[in-house]
Amino acid sequence: MIFLGFGKYARSDKIYGLEPLETSDRGSGRRTRVWVEGIAEPIVASRTERTILAEMGQDTGAGSALLDDALALAEKLAEAAEQGKVDLGDLGRRARRLLEKTAKPAGAEKLF
């Protein structure tokens, strides 16, 4: 059972969709819409989709660090563009390192 907040629980094998709420829909602890098999309307959870996925057993450790790096790069690019000072060399190096972390190992075969 996965705790969704607001006193609600769902079986992890019945959860088939998570949607972060838009900023305008958030408030009073509302964070995520959770679609559960057998329930017509989504349940509004007070927990983030990342927290729910982690509790469901998804390996978010490696993906989380990669996502944090990607978001940091995007933030740096946006700030630099606003200031009119884009250092393409630095951004290129950071992007290449980020891409290398996601690349398949040489010789890896396709499974599908």
Side-chain angles (χ1 to χ4, degrees):
M1 296 296 282
I2 305 297
F3 178 64
L4 303 175
F6 301 126
K8 300 174 186 174
Y9 292 82
R11 284 182 40 174
S12 63
D13 62 334
K14 299 293 183 182
I15 294 174
Y16 67 89
L18 299 171
E19 177 189 11
L21 292 174
E22 299 288 326
T23 306
S24 59
D25 294 335
R26 293 179 85 148
S28 300
R30 299 165 44 100
R31 298 289 178 261
T32 307
R33 283 189 192 93
V34 181
W35 277 268
V36 179
E37 183 180 321
I39 301 176
E41 295 296 318
I43 296 171
V44 176
S46 66
R47 304 178 79 208
T48 66
E49 69 282 355
R50 282 177 139 182
T51 305
I52 294 168
L53 283 171
E55 195 167 320
M56 290 173 68
Q58 297 293 321
D59 182 17
T60 57
S64 177
L66 186 61
L67 179 60
D68 291 343
D69 289 347
L71 292 172
L73 177 62
E75 184 177 1
K76 180 172 177 115
L77 176 59
E79 289 173 2
E82 284 179 6
Q83 296 173 359
K85 302 176 184 177
V86 178
D87 182 354
L88 292 179
D90 177 54
L91 291 173
R93 283 188 297 277
R94 291 180 68 180
R96 175 118 1 251
R97 283 194 304 266
L98 187 59
L99 289 170
E100 287 171 354
K101 291 179 185 178
T102 64
K104 292 181 182 177
E109 296 179 4
K110 284 183 114 177
L111 297 175
F112 300 99

Test: salt bridge (Lys or Arg N to Asp or Glu O under 4.0 Å). Region: residues 20-30. Which pairs qualify, not counting sequence neighbours?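 As it turns out, the salt bridge (Lys or Arg N to Asp or Glu O under 4.0 Å) pairs with a partner in residues 20-30, which skip direct neighbours, are Asp25-Arg33.
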
Suppose the criterion is salt bridge (Lys or Arg N to Asp or Glu O under 4.0 Å): which pairs have a residue in residues 7-18, not counting sequence neighbours?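 Listed once each, the pairs are Arg11-Asp13, Lys14-Glu37.
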
Decide whether [X] and [Y] are clustered together by the hydrophobic rule: side chain heavy atoms of Ile, Leu, Val, Met, Phe, Trp, Tyr closer than 4.5 Å, transitively.
X     : Y     : result
Met56 : Tyr9  : no
Leu4  : Leu18 : yes
Met1  : Phe3  : yes

If you look at every heavy atom in Ser46 and Gly5, which pair is closest and at what distance?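 In this case the closest contact between Ser46 and Gly5 is OG-CA, 3.2 Å.
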
On a heavy-atom basis, which atom in Val36 and which in Ala10 lie closest, and how many Å separate them?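 Closest heavy-atom pair between Val36 and Ala10: CG2-CB, 4.0 Å.
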
Listed partners of Arg47 passing salt bridge (charged side-chain N to carboxylate O under 4.0 Å, His left out), at least two apart: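 Per chain and number, Arg47 pairs via salt bridge (charged side-chain N to carboxylate O under 4.0 Å, His left out) with Glu55.
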
Separation of [Y] [atom2] from [X] [atom1] (nearest 0.5 Å):
X     : Y     : atom1 : atom2 : value
Arg50 : Ile52 : CZ    : CD1   : 13.0 Å
Ile15 : Ile43 : CD1   : CD1   : 8.0 Å
Leu88 : Leu77 : CG    : CG    : 8.5 Å

Run the ring-ring contact (aromatic ring centres under 6.0 Å, His included) test against Phe6 and tell me which residues pass, sequence neighbours left out.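 By the ring-ring contact (aromatic ring centres under 6.0 Å, His included) rule, Phe6 matches no residue at all.
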
According to the side-chain hydrogen bond (donor to acceptor under 3.5 Å, both in side chains) rule, which pairs have a member within residues 73-83, sequence neighbours left out?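 Passing the test, one end in residues 73-83: Lys76-Asp90.
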
Partner residues of Asp87 under the side chain to side chain donor-acceptor pair (under 3.5 Å) criterion, sequence neighbours left out: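 Testing Asp87 for side chain to side chain donor-acceptor pair (under 3.5 Å), a comparison that skips the adjacent residues, returns none.
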
